[in-house]
Amino acid sequence: MGSYDALLVVSFGGPEKPDDVMPFLENVVRGRDVPRERLLEVEAHYQRFGGVSPINQQCRDLIAAVEPTVDLPVYWGNRNWHPYLEDTLRRMAADGVKRAAAFVTSAYSSYSACRQYLDDIALARAAVEGAPEVVKLPHYYDRPGFVAAMVDHTREALERLPAEHRDGARLVFTAHSVPISMAATSGPDGGAYEAQLRRAAELVVTGLGGDRGWDLVWQSRSGPPHVPWLEPDVCDHLRGLGAPAVVLVPIGFVSDHMEVVYDLDVEAADLAREIGLPLARAATVGTHPSFVAVVGELLAEPEPPACPPGCCPAPPRRRAHG
């Protein structure tokens, strides 16, 4: 495991009881011009599931799967909810950890998917005396283990469709929408977020045999309405799809957290039933053994170079006029 003496799993975080939901959402959108109505709408999504996001348990499950495969103590810290990164780094410092590798539960390049995690790690380290050095492991969207897990799960979803629709079913890959300005500046040269997602989708399609039609669409938009975000939205896309059946493949996510189970398993599934479109949803990589193995592979590789200072900058803040 090279020069690391711990592994730090870094994730987004999520509420674990009803009273957590609004404080969690306020953490997520702090400093952004998100309308209160949108927060209340998203709060209702969480309350529909008892005020509990699946993401924290899925992090626990991932850690339980990874721990036997790495010869390092494994810690866990979140950006937006308990266990917070700062608290975890304080515990790591007390345990004598000097240098940790960070595995982030986001596989792609963009401000919100990468740079913001780096910034939050830096802020947490600055707040903790004797905090360990933390090195973020590389993106893994095109790693064979990530791709193999998505191929298996997509194939399983195809098998859940009625037999007469499987051959003609279209694959619709989904990822979290981001502001167009953020997508344009993602990665060292711009455009990396979309390019990486398309590459991951292409690899999955190739793994399935390479002869199936597919699209990349977006979900879970959360910003102010006057800011342009990546489109089309998954539900808008399904309305005009014109295919006999569809498999939704949440290629942009590593676990079945709230945005997957609500936006795809509720909203998109309800729409598909309404318009008579047979639909199955592929699972995310989760704790698939091939994906779990990716963590150890990344740890065993030479230390990755640091991101250039201008890589994935924060998007400009814009406010509505009038």
> Which class fits the ring pair His176 and Trp229: parallel under 30°, tilted 30 to 60°, perpendicular over 60°?
Replying inline: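 Answer is tilted, since the angle falls between 30° and 60°.
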>> Parallel, tilted or perpendicular, judged at 30° and 60°: which one describes the rings of His45 and Tyr262?
In response: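 Parallel, since the angle between the ring planes stays under 30°.
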Enter the distance from [X]:[atom1] to [Y]:[atom2] here, rounded to the nearest 0.5 Å.
X	Y	atom1	atom2	result
Leu203	Arg198	CG	CZ	14.0 Å
Leu89	Arg125	CG	CZ	8.0 Å
Arg143	Phe291	CZ	CZ	11.5 Å
Ser290	Phe146	OG	CZ	12.0 Å
Trp218	Leu230	CH2	CG	5.0 Å
Leu279	Arg160	CG	CZ	9.5 Å

Any non-hydrogen side-chain atom of [X] less than 4.5 Å from a side-chain atom of [Y]?
X	Y	answer
Phe24	Phe12	yes
Leu299	Leu137	yes
Gln116	Arg79	yes
Pro250	Arg281	yes
Leu8	Lys136	no
Trp76	Leu62	no
Leu197	Tyr141	no
Ile55	Met258	no

Can you name the nearest heavy-atom pair linking [X] to [Y], along with the distance?
X	Y	value
Glu16	Val52	O-CG2, 3.4 Å
Leu158	Ala169	CD2-CB, 4.0 Å
Ile275	Leu238	CD1-O, 3.7 Å
Ala6	Val97	CB-CG1, 3.7 Å
Asp20	Pro15	CB-CB, 3.5 Å
Ser186	Ser109	CB-O, 3.5 Å

> Are the aromatic ring centres of Tyr140 and Phe103 under 6.0 angstrom apart?
Replying inline: yes
> Just wondering, are more than 12 heavy atoms of other shown residues or ligands nearer than 6.0 Å to CD in Glu301?
Replying inline: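 Check passes, neighbour count above 12.
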> Step by step, would you call Glu159 with Arg166 a salt bridge (charged side-chain N to carboxylate O under 4.0 Å, His left out)?
Replying inline: CA-CA 7 Å; Glu159 290 298 315; Arg166 289 172 195 161; 3.6 Å; yes
Determine whether [X] and [Y] fall in the same hydrophobic cluster, where Ile, Leu, Val, Met, Phe, Trp and Tyr are linked whenever their side-chain heavy atoms lie under 4.5 Å apart.
X	Y	result
Leu118	Val254	no
Val246	Val151	no
Met150	Val295	yes
Leu123	Val9	no

Give a yes or no on whether the backbone of [Y] and the side-chain of [X] come within a donor-acceptor separation of less than 3.5 Å.
X	Y	value
Arg212	Arg170	no
Ser53	Gly14	no
Gln58	Asp256	yes

> Should Leu72 and Tyr4 be marked as a side-chain contact (heavy atoms from CB on, under 4.5 Å) after you check the CA-CA gap, both sets of side-chain angles, and the distance that decides it?
Replying inline: CA-CA 8 Å; Leu72 292 172; Tyr4 307 120; 4.3 Å; yes
Hey, are [Y] and [X] close enough side-chain-wise for a donor-acceptor pair under 3.5 Å?
X	Y	answer
Tyr84	Asp120	no
His153	Thr284	no
Asp95	Tyr75	yes
Ser11	Thr105	yes

>> side-chain contact (heavy atoms from CB on, under 4.5 Å) for Asp236 and Glu231? Distances and angles first, verdict last.
In response: CA-CA 9 Å; Asp236 293 338; Glu231 295 178 338; over 6 Å; no
>> The test is side-chain contact (heavy atoms from CB on, under 4.5 Å); show your working for Leu264 and Glu267 and say whether it passes.
In response: CA-CA 6 Å; Leu264 300 186; Glu267 285 193 331; over 6 Å; no
Can [X] and [Y] be counted as an ion pair, charged N to O under 4.0 angstrom?
X	Y	result
Asp5	Arg99	no
Glu26	Arg30	no
Asp233	Arg221	no

> Passes side-chain contact (heavy atoms from CB on, under 4.5 Å), Asp61 versus Gln57? Steps please.
Replying inline: CA-CA 6 Å; Asp61 293 343; Gln57 185 56 50; 2.9 Å; yes
